[in-house]
J.: 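One structure, pasted below without further comment.
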Amino acid sequence: MRNLMDILDLSVEEIGELIDTAEDIIADGKKYSEVCRGKKLATLFFEPSTRTRLSFEAAMYELGGHVLGFSSADSSSTTKGESLADTVRAVGCYADIIAMRHPKEGAPVVAARTAGVPVINAGDGGHCHPTQTLADLLTIHREKGSFENLTIGLCGDLMFGRTVHSLIHAMSRYQGVKFVLISPEELRVPDYILTDVLEPLGIPYRETRSLEESIPELDILYMTRVQKERFFNEEDYVRLKDTYILAPEKLRSAKKDLCIMHPLPRVNEISTAVDDDPRACYFKQVLNGKYMRMALIMKLLEVKV
Ligand code: CP
């Protein structure tokens, strides 16, 4: 039985297979409409979500399966003091697969020990968000045709932005990738990403505060929200939240084929005036997330078309 805790749980070959499946679903979704008939997905969301939870649910419906679950910890028996291990063990009696979001880093690993069915990490605290990375990878592959020789700018809250951590892990496995890490000093990428991932692999990276100076060299610009919910005090959040706002004038020096990404939700990081720019890919990411989650559910349930 396979779980998905971290994007590195999937090999490069497996990511290629998931992309092939997602592309086939995009080409002929009807072919997949009954493959999960009789199967149930439980979505256990202990933290708010729009895209991840609803795209998992849409994915399972489009595969012909069923969905159960909760969208807030308040409506589960954890409010009565039940442990996560017991909650998940109970849900494993009803569902064939579980997608879980939790504010505590590592919580999905604890869940996977007792669930008895595959568990998917749908975001754990500031740690990682592997299924967002699957959405990001399909988007990059569709826009750029490959993962190689790309200069990727990651901008905003690189400290708490779990999508950033997962994307760096994933893209570090491809040839010729370079990173430009754009953040205020207080929200720099955690040291372990530099010392345990980028430096041992010899991947070129540069840390900077300046979005304007970095834009011309980028193939991908991945904007992120400052993660209000991970801050210890409101004052720091208010001071940092609008450090970067991508507006049309800042894109004048950008490449014509720049791919502008954001995992969403956005607050102010990208002006809505950018939405009509053909380089804006963030709503494509939303849709691509559903296709990749369909492919992932099929893989973990070992169902074939
Ligand atoms: N990208 C993402 O995880 O969005 P939600 O928080 O809405 O699920």
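Indexing begins at 1, ligand by ligand and atom by atom, following the structure's order.
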J.: Can a donor-acceptor pair be found, under 3.5 Å and without considering hydrogens, that links the side chain of Gln285 to the backbone of His262?
T.: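 Looks like yes, one N/O pair under 3.5 Å.
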J.: Is Pro263 close to ligand 1, meaning an N/O of one under 3.5 Å from an N/O of the other?
T.: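 Yes - when backbone and side-chain N and O of Pro263 are compared with those of ligand 1, one distance drops under 3.5 Å.
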J.: Counting only heavy atoms, which portion of Thr163 has something under 4.0 Å from ligand 1: side chain, backbone, both, or neither?
T.: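 It is neither part, as no heavy atom is under 4.0 Å.
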J.: Using a strict 4.0 Å cut-off to heavy atoms of Thr52, name the atoms of ligand 1 that fall inside it.
T.: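 Selected atoms, number and element: 2 (C), 3 (O), 4 (O), 5 (P), 8 (O).
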J.: Would you please indicate yes or no on a ring centroid separation below 6.0 angstrom for Phe147 and Tyr174?
T.: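 Distance test on ring centres: under 6.0 Å, yes.
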J.: Please report the C-alpha distance between Ile260 and Tyr222 in whole Å, then the side-chain angles of each, then the deciding distance to 0.1 Å, and finally whether the side-chain contact (heavy atoms from CB on, under 4.5 Å) criterion is met.
T.: CA-CA 6 Å; Ile260 305 166; Tyr222 195 95; over 6 Å; no
J.: Restricting to pairs with a member in residues 84-105, which pass salt bridge (Lys or Arg N to Asp or Glu O under 4.0 Å), not counting sequence neighbours?
T.: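 Applying salt bridge (Lys or Arg N to Asp or Glu O under 4.0 Å) to every pair that reaches into residues 84-105, excluding sequence neighbours, yields nothing.
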J.: Restricting to pairs with a member in residues 18-28, which pass salt bridge (Lys or Arg N to Asp or Glu O under 4.0 Å), not counting sequence neighbours?
T.: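 Residue pairs passing salt bridge (Lys or Arg N to Asp or Glu O under 4.0 Å), neighbours aside: Glu23-Arg142, Asp24-Lys31.
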J.: Considering the heavy atoms of Thr50, write down every atom of ligand 1 situated less than 4.0 Å from one of them.
T.: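 Near Thr50, meaning under 4.0 Å from one of its heavy atoms, ligand 1 has 5 (P), 7 (O), 8 (O).
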J.: For the 3.5 Å polar cut-off, considering only N or O atoms, please tell me whether Pro48 and ligand 1 meet it.
T.: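 Looking only at distances, the answer is no, because the N/O contact criterion of under 3.5 Å is not met.
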J.: Would you please determine whether Arg101 falls within less than 4.0 Å of ligand 1 on a heavy-atom basis?
T.: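 Under 4.0 Å: yes for Arg101.
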J.: Taking only heavy atoms of His129, which atoms of ligand 1 are found under 4.0 Å from at least one of them?
T.: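 Those of ligand 1 that fall under 4.0 Å from His129 are 2 (C), 3 (O).
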